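Inspection log for the structure reproduced underneath, given as structure tokens.
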Amino acid sequence: MKSLGGKLDHQKNDIKWQRYWLKHKLFATRPRKGKKKYILDMFPYPSGDGLHVGHPRGYTASDILAHYYRYKGYNVLHPIGFDAFGLPAENAAIKKGVHPEVNIKKNTKRFMEQLKMLGFSYDWERVINTSEPSYYRWTQWLFLLLYKNGLAYRKESYVNWCPKDKTVLANEQVVHGCCERCGSQVSQEKRRQWFFKITELADQLLSGLDDLDWPNGTKELQRNWIGRSKGADIEFKINNSKLKIKVFTTRPDTLFGATYLVLAPEYKDVLKIVAPECLQKVEDYIKTANKKTELERVANNKDKTGVFSGSYAVNPATNQEIPIWIADYVLGGYGYGAIMAVPAHDERDWDFARKYKLPIVEVIDAQKNSLPFVGDGKLINSGKFSGMVATAGGSAITKLVGGKLTTKYKLRDWLVSRQRYWGAPIPVFYDKDDKIILVDEKDLPLLLPKDVEFNPTGESPLMGSKKFKQIPLKYKKLGAVRREYDTLDTFVCSSWYFMRYVDNENNKSLADLKKLDYWLPVDVYIGGTEFANSHLLFARFITKVLYKLGLINFDEPFKKLQHQGLVLGDGGEKMSKSKGNVVNPDEIVEGYGADALRVYEMFMGPFDQYIPWSMAGVEGAKRFINRLWGLNIVSKALETDRAIHKLISKVTSDIESLHFNTAVSSFMEFVNLATDKGITLKTFKTLAILVSPFAPHLAEEINHKLGSRKSVFVSKWPEFDAKLIEDPVVTIAVQVDGKLRATLDVGRDISENKVKSMALAIESVSKYLINKDNSKYHYVPRKIINFISK
RNA sequence: GGGCAGGUGGUGGAACGGUAUACACGCGACACUUAAAAUGUCGUGCCGCAAGGAUUGUGGGUUCAAAUCCCACCCUGCCCACCA
């Protein structure tokens with residue numbers, strides 16, 4: 001009996017094999033035909049803090065998958081890169097007084113070192129960085145493409161404005177009325193901004209979700225965000241005016257109960273509709289409403305406010321005059337910014353009507369329910385439609401009044417311009433009439449200048465660049481008098497990065513079509529839930545646009561998506577710098593080795609679940625590694641030789657189903673057995689392969705010590721013998737009336753009668769069956785026999 | 001208010017119709033040691049001296065059998081939130 005000897009020095013061993021992998025470029029993707037797997041992590045934002053212990057949870061999982069599929073003979077693409085543009089980098093640079101580029105270079109270098117220190121098998125020849133001209137050239141190209149196809153436009157509109165960061169924010173970046181980054185209250189400002197027409201694809205974005213292998217919750221999140229509702233457009237005439245008011249309603253069946261109309265304060269013709277004697281009051285109301293932040297509007301949702309416009313519209317169903325009100329419980333940005341109010345059957349209208357003493361007409365029989373009644377029922381007070389089932393009457397009533405059945409979405413167009421420096425410049429000039437002159441594709445990239453001061457002033461810091469201010473002769477001739485100084489939202493950069501990896505050095509196109517065809521869509525995409533309604537939606541949008549334009553042959557970017565759960569602080573709270581509970585992987589790697597960290601992160605619990613960090617857990621993982629390393633090699637170990645087949649089967653299926661925690665516990669069970677019984681050389685070699693995706697440095701060293709001159713990763717994934725997985729002896733539970741009374745260890749092919757007689761012979765079983773019929777029972781072979789005494 | 005995920009020992013969790021608590025942490029005892037750490041061995045969900053009993057958030061249901069399926073409710077976390 002002997003073991004591999006000594007204690008494994010994890011520090012030396014980690015570095016030894018990391019150098020070996022890099023030197024031999026073991027994990028670089030080579031052009032090759034055959035089946036493929038594209039295993040992708042959401043690329044990190046290279047912040048100054050470096051990796052925290054949450055990053056390796058997802059990265060280890062994807063690394064295991066990448067290794068596994070390589071073993072299984074797939075051509076695997078497993079790249080990493082950096083989402084390097086954007087506000088945090090710029091803010092950090094301002095704080096430290098260093099140019100963001102310098103800072104980002106430093107941070108990405110640190111990230112790379114940390115990723116290598118954890119032994120991840122990324123293809124280091126394909127690292128991308130969205131802030132490099134060779135990358136953002138294609139981000140700009142994408143912008144031009146969208147513009148030329150009518151999917152990018154410029155519009156003056158109310159936008160979310162963060163007074164501290166001095167920038168416009170996308171809806172996705174506003175959380176409870178506050179800036180997602182700095183927490184300041186966001187105000188509404190009217191500005192001219194660039195938008196991508198994501199709403200045009202709302203329907204495809206919605207229906208495309210059905211076939212995706214994504215977590216249901218995430219699909220549901222996107223469905224709700226896109227927010228399709230079916231209903232009708234109905235026009236109302238205004239008394240003494242040529243104007244009409246168009247409303248959208250999901251309940252045209254309740255039209256007979258519409259007793260007033262409400263316009264949002266932002267409604268475009270609002271002042272033209274107001275009667276002269278009410279003008280002053282309405283103007284005042286609109287002013288106060290505009291001053292309210294989104295937070296205040298929501299906070300007041302129980303106490304609605306509004307003013308009467310002094311004008312009346314006509315309900316086209318009843319031909320009765322109904323008053324027009326202006327109230328901020330109606331949103332300017334959804335539907336037409338105008339609603340028909342049916343207080344009897346809508347809670348919000350009910351609250352408002354009660355407060356301002358407006359008439360309430362019941363048009364659906366609420367029966368025993370109190371008003372407002374929002375359910376379905378029989379129509380009443382609805383002319384010839386009375387008696388119909390409400391939901392069925394909707395389209396008939398719409399038809400009667402000349403309305404139109406339509407679909408509306410909550411999704412708004414994507415605001416992509418930012419008044420900040422650290423982003424891809426928008427490749428556009430303007431002439432003296434503010435007409436758009438596109439930068440020629442051949443002139444891309446439109447470089448981000450470096451001679452700038454970046455103190456946020458509300459205008460882009462790009463305006464401070466003398467170089468950038470100059471307009472090339474070519475564009476002067478076209479009439480250009482000024483540049484676009486805004487830059488693109490970083491989500492634009494990250495909406496296509498997964499395509500760039502397949503051909504990251506291409507300077508003729510975004511990526512070669514053949515390579516895209518081969519590698520995409522991504523087979524497994526791993527990352528957090530927090531991007532459900534931003535990155536994951538935008539990437540789908542851009543992919544669908546390129547597909548529609550015939551530039552690529554896939555219309556969904558990520559076939560399978562899996563979220564990793566957050567790693568929480570020791571006490572179960574979210575890790576954050578302010579709480580001081582952030583764990584740095586460097587210390588763990590130094591103290592316990594990369595393998596212990598990887599094994600612990602996989603073992604801590606189900607992959608998609610939030611789990612608190614535990615130092616004791618890391619120690620446990622380290623102990624497991626030491627035990628595995630120290631196994632006694634013997635010439636004969638029947639039980640261990642048999643058990644490895646079970647292990648192969650279990651680990652294989654657990655990896656495929658992403659149940660990494662139970663894979664690790666099966667390793668532990670096996671090692672416990674092998675500690676007891678010893679392990680043969682052959683089985684040890686197999687074990688090294690199985691464990692290598694989880695603990696690559698350990699596996700390499702065992703493989704090496706066992707005499708192999710090649711890397712363990714050029715091995716074949718072991719096959720198991722199905723016959724050896726079945727235990728020759730099985731334990732059968734003996735129950736009486738569902739209660740466990742005994743167990744029987746018997747051969748697996750024992751007969752039913754034999755089990756029955758053996759079970760009845762056990763005293764602790766028979767005593768419950770005295771004077772009772774013992775002929776009724778249920779038998780499940782190899783599992784259970786349950787006697788029924790009643 | 002709506003949507004989603006989830007409630008199992010002291011802790012992270014396993015089992016997802018068929019012996020609930022695998023694996024690990026923690027704890028206890030012992031061995032090794034002058035001693036400690038490390039390591040190893042054994043024990044360890046709860047009540048009970050024991051036989052035994054109750055037990056997977058709560059209450060019902062289906063079933064020979066339910067942590068697992070169905071219904072209602074409670075709690076926690078995340079996301080959205082006046083979307084007509």
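Fair warning: this is a prediction, and the values are worked out from it, not measured in the lab. Just so we're on the same page: letters track the sequence lines, and every chain starts at 1.
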Counting primed atoms plus P, OP1 and OP2 as sugar-phosphate and everything else as base, spell out the protein contacts along nucleotides 17-22 of chain B at 4.0 Å heavy-atom distance: B, S or - for each nucleotide, 5' to 3'. -BB--B
Given the side-chain rings of Phe195(A) and Trp414(A), with only the six-membered ring counted for Trp, is the space between their centroids under 6.0 Å? no
Once ring pair (Phe, Tyr, Trp, His ring centres under 6.0 Å) is applied, do any residues pair with Phe787(A), and if so which ones, sequence neighbours excluded? Tyr777(A)
Side chain to side chain donor-acceptor pair (under 3.5 Å) against Gln609(A), all qualifying residues, sequence neighbours excluded: none
Taking atom P in both A38(B) and A29(B), what distance in whole Å separates the two? 15 Å
Kindly label the base of G43(B) as syn or anti, based on whether its glycosidic torsion lies within 90° of 0. anti
When pairs are called at under 3.5 Å and a stem needs at least three consecutive Watson-Crick or G-U pairs, the stems of RNA chain B are B:1-7 with B:74-80, B:10-12 with B:23-25, B:26-31 with B:39-44, B:57-61 with B:69-73
Quick check with a 6.0 Å cut-off and a 45 degree axis cone: is Arg741(A) positioned over the face of Tyr768(A)'s six-membered ring? yes
Should the pair Asp303(A)-Lys355(A) be classified as a salt bridge under the 4.0 Å nitrogen-to-oxygen rule? yes
Could you tell me whether the phosphate oxygens of A84(B), OP1 or OP2, come under 4.0 Å of any side-chain nitrogen or oxygen in Tyr334(A)? yes
List, one per line, each side-chain donor-acceptor pair under 3.5 Å for residues 335-343 of chain A, sequence neighbours excluded.
from	atom 1	to	atom 2	distance (Å)
Tyr336(A)	OH	Asp233(A)	OD1	3.3
Tyr336(A)	OH	Asp233(A)	OD2	2.5
Tyr336(A)	OH	Lys408(A)	NZ	3.2

Could you tell me whether Gly335(A) contacts a base, only the sugar-phosphate backbone, or nothing, with contacts defined as non-hydrogen atoms closer than 4.0 Å? nothing
Please tabulate, for the side chains in residues 610-618 of chain A, all donor-acceptor contacts under 3.5 angstrom to protein atoms that are two or more places apart in sequence or on a different chain.
from	atom 1	to	atom 2	distance (Å)
Ser614(A)	OG	Ala616(A)	N	3.4
Ser614(A)	OG	Gly617(A)	N	2.9

Taking the C1' atom in each of G43(B) and G53(B), what is the distance between them to the nearest angstrom? 23 Å
What is the nucleic acid contact for Pro606(A), judged by heavy atoms within less than 4.0 Å: base, sugar-phosphate only, or nothing? sugar-phosphate
Salt bridge (Lys or Arg N to Asp or Glu O under 4.0 Å) partners of residues 599-610 of chain A, not counting sequence neighbours, each pair once: none
Atom OH of Tyr600(A) and atom C1' of C23(B) are separated, to the nearest Å, by 14 Å
Could you check whether the side chain of Lys776(A) and the base of C64(B) have a donor-acceptor pair of N or O atoms closer than 3.5 Å, going by distance alone? no
Between Phe787(A) and Thr250(A), which residue's closest nucleotide on RNA chain B lies nearer the 5′ terminus? Phe787(A)
What heavy-atom pair brings Asn224(A) and Lys410(A) nearest, and what distance separates the two atoms? O-NZ, 3.9 Å
Anything under 3.5 Å between a donor and an acceptor, one on a side chain of residues 662-673 of chain A, the other on a protein residue two or more places apart or in another chain? List them.
from	atom 1	to	atom 2	distance (Å)
Thr662(A)	OG1	Asp654(A)	OD2	2.9
Thr662(A)	OG1	His659(A)	O	3.1
Ser665(A)	OG	Thr662(A)	O	3.0
Ser666(A)	OG	Thr662(A)	O	2.6
Ser666(A)	OG	Ala663(A)	O	3.4
Asn672(A)	OD1	Arg627(A)	NH2	2.3
Asn672(A)	ND2	Met668(A)	O	3.4

Would you say Lys767(A) reaches G52(B)'s phosphate, i.e. side-chain N/O to OP1/OP2 under 4.0 Å? yes
SB check Arg228(A) Asp203(A) (cutoff 4.0 Å): yes
d(CD, Glu530(A); P, C80(B)) in whole Å: 11 Å
Closest approach to the side chain of Leu221(A), judged atom by atom: which nucleotide of C79(B), C82(B), A84(B) is it? C79(B)
Please report the distance separating the P of G17(B) from the corresponding atom of C79(B), rounded so that it comes out in whole Å. 31 Å
As a test of reading the structure: which of G52(B), G3(B), G26(B) is closest to the side chain of Asn224(A), going by heavy atoms? G3(B)
What is the distance, rounded to the nearest whole Å, between atom CG of Leu331(A) and atom C1' of C80(B)? 14 Å
Taking only the side-chain nitrogens and oxygens of Arg741(A), find out if one of them lies under 4.0 Å from OP1 or OP2 of G53(B). yes
Taking the C1' atom in each of A20(B) and U56(B), what is the distance between them to the nearest angstrom? 7 Å
Considering all heavy atoms, the nearest Leu331(A)-Ala264(A) contact: C-CB, 3.8 Å
Please give, in whole Å, the distance from C80(B) P to Ile226(A) CD1? 15 Å
Under-4.0 Å side-chain N/O to phosphate OP1/OP2 contact, Ser614(A) with U11(B): no
Determine the Euclidean distance between corresponding P atoms of G57(B) and U8(B); express it in Å to zero decimal places. 6 Å
Examine C64(B): is either OP1 or OP2 under 4.0 Å from a nitrogen or oxygen in the side chain of Lys739(A)? Give yes or no. no
Sequence-distant partners of Ala327(A), side chain to side chain contact (heavy atoms under 4.5 Å, CB included), two or more places apart: Val262(A), Tyr285(A), Tyr329(A), Phe352(A)
If you measure from the C1' atom in U68(B) to the same atom in C78(B), how many Å do you get, rounded? 25 Å
Report, one pair per line, the protein and nucleotides 5-7 of chain B atoms (nitrogen or oxygen only) whose separation is under 3.5 Å.
none

With Tyr334(A) via ring pair (Phe, Tyr, Trp, His ring centres under 6.0 Å) - residues at least two apart: none
Under 3.5 Å between N/O atoms: give me all the protein pairs with nucleotides 39-47 of chain B, atom names plus distance.
from	atom 1	to	atom 2	distance (Å)
G40(B)	OP1	Arg627(A)	NH1	3.0

Whole angstroms only, please: what is the CD-C1' distance between Glu266(A) and C82(B)? 13 Å
Whether Lys219(A) and Asp210(A) form a salt bridge (side-chain N of Lys/Arg under 4.0 Å from carboxylate O of Asp/Glu) is what I want to check. no
Rounded distance in Å - CD1 (Ile322(A)) to P (A84(B)): 19 Å
Please give the distance between the C1' atoms of U21(B) and U55(B) as a whole number of Å. 11 Å
Nearest whole Å is fine: how far is A14(B) C1' from Phe667(A) CZ? 17 Å
Sub-4.5 Å side-chain heavy-atom contact between Val270(A) and Pro265(A): no
Which comes earlier along RNA chain B counting from the 5' end, the contact point of Tyr610(A) or that of Phe248(A), where each point is its nearest nucleotide? Tyr610(A)
Keeping the roles fixed (side chain from Ser382(A), backbone from Leu379(A)), state whether a donor-acceptor pair exists under 3.5 Å. no
Expressed in whole Å, how much space separates the P atoms belonging to A72(B) and A5(B)? 15 Å
Rounded off to whole Å, could you give me the CZ-to-C1' distance for the Phe670(A) and A24(B) pair? 18 Å
